[in-house]
Amino acid sequence: MATISAKLVSDLRAKTGCGMMDCKKALVEANGDFDEAIKVLREKGLAVAAKKADRIAAEGLVDILIEGDKAAMIEVNCETDFVAKNASFQAFVKEILKLIIDNNPADVAALNTLTMANGMTVEAALKDKIFQIGENMSIRRFLAVNGTMSSYIHGKGTTGVIVKFVADEAAVNNEGFAEMAKNIALQVAAYPNIQYVNKESVPASAVEEEKEIIMAQLKNDPKNASKPAQIIEKMVTGKLGKFYEANCLTENAFVKDDSMTVAKYVESCAKAFGGNIAIDSFYRYEKGEGLQKREDNLGDEIAKMLAK
């Protein structure tokens, strides 16, 4: 049997990121062969990842990387907030963002085939992380954007926002543009119900559906029974305005000064900068949005710990 030195174990740990005991066991199994031990760890990692695949992973983080006129936003999930705060996990997410910016993959499947700095594919590296950290993880979604942008991350990865602008050089080169752009990103983060940039971007089907809902509400109110059709129509128009205010970014009351809408704020900034500015689009990720949440029972957890 080969002698397994502490240095060999330490070198394997540095190479793979796996725990000391896992590295020692792998070296013993590989009879001291370093490369074979790496293979052993990889195989164990695949097995562990498969076992954990059904476990709920709704924590994690949303992160953003901007380089020049390119930006990428991603949501990577894990089981606990503790792991989301792990420096190794966060560095892993940053490296994936860099790959997205450099390669512009079409979807998660394409992203999984890209090669990371350690020579592994993203998919293999993710399974390695699952083995190292001991939790199920998944790359849920990502997007890439090109152009003039601003971004905001809230709560250390709870919410991520990218806003894209169409602006001329006079506006973009003004020292106040960055603050204005950041304020719009903050606006999107603060109001999760915002779905559209402006009235014009609301699909006709959504407008008609909202009108039907408003009309049904008005008809069900006995106080409206004797009101003329034109009055009802004005009431519908008024309530539709409230719909736009709640769902369209430009119609929102500006978060830092509710005496004006976002549209008025952008317009006033453009005038002050001596240029033209329009909000082109926005993207918002909420960590774990729509995912089943893990429900831990403290009594059961303690019982499991005592049984070990």
Between [X] and [Y] (side chain of the first, backbone of the second, donor and acceptor by atom type, cut-off under 3.5 Å), is there such a pair?
X: Asp33; Y: Asp35; value: yes
X: Glu75; Y: Ile139; value: no
X: Lys182; Y: Ser151; value: yes
X: Asp258; Y: Phe254; value: no
X: Glu79; Y: Asn136; value: yes
X: Lys164; Y: Asn146; value: yes

Which heavy atom of [X] sits nearest to which heavy atom of [Y], and what is that distance?
X: Ala110; Y: Thr113; result: O-OG1, 2.7 Å
X: Arg140; Y: Asn77; result: CB-OD1, 3.2 Å
X: Ala30; Y: Ala37; result: CB-N, 3.5 Å
X: Phe92; Y: Ala125; result: CE1-CB, 3.8 Å
X: Val163; Y: Ala185; result: CG2-CA, 3.7 Å

Linking I/L/V/M/F/W/Y whenever their side-chain heavy atoms sit closer than 4.5 Å, directly or via other members, would [X] and [Y] fall into one cluster?
X: Val202; Y: Phe282; answer: no
X: Met73; Y: Val161; answer: no
X: Ile194; Y: Leu186; answer: no
X: Phe89; Y: Val108; answer: yes
X: Ile162; Y: Leu97; answer: no

Can you find a side-chain donor-acceptor pair between [X] and [Y] that sits under 3.5 Å?
X: Gln195; Y: Asn247; value: yes
X: Gln187; Y: Asn252; value: yes
X: Tyr265; Y: Asn183; value: yes
X: Ser281; Y: Tyr283; value: yes
X: Asp168; Y: Asn276; value: yes
X: Lys129; Y: Ser88; value: yes

Inset, instruction - May I ask you to decide whether Lys239 forms a salt bridge with Glu210, counting only side-chain N to carboxylate O separations under 4.0 Å? - result: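 No salt bridge links Lys239 with Glu210.
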
Inset, instruction - Give a yes or no on this: more than 12 heavy atoms of other residues, nucleotides or ligands lie within 6.0 Å of atom NZ of Lys94. - result: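 Yes, because the 6.0 Å sphere around NZ of Lys94 holds more than 12 heavy atoms from other groups.
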
Inset, instruction - Determine whether more than 12 heavy atoms belonging to other residues, nucleotides or ligands lie under 6.0 Å from atom CD of Glu67. - result: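 Above 12, so yes.
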
Inset, instruction - Please tell me if the side chains of Ile184 and Phe165 come closer than 4.5 Å, counting only heavy atoms from C-beta onward. - result: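 Yes, their side chains come closer than 4.5 Å.
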
Legend entry - Minimum side-chain heavy-atom gap Ile277-Met180 below 4.5 Å: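 The answer is yes, as the side chains (C-beta and beyond) meet within the 4.5 Å cut-off.
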
Legend entry - Criterion side chain to side chain donor-acceptor pair (under 3.5 Å) against Thr159, the qualifying member of Glu286, Glu289, His154: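 Exactly one pass, corresponding to Glu286.
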
Inset, instruction - Would you sort out whether Leu111 and Ile96 count as a side chain to side chain contact (heavy atoms under 4.5 Å, CB included), showing the intermediate values? - result: CA-CA 8 Å; Leu111 173 61; Ile96 295 174; 3.8 Å; yes

Legend entry - Tyr196 and Phe243 aromatic ring geometry - parallel, tilted or perpendicular at 30°/60° bounds: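 Geometry flag for Tyr196 against Phe243: tilted rings.
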
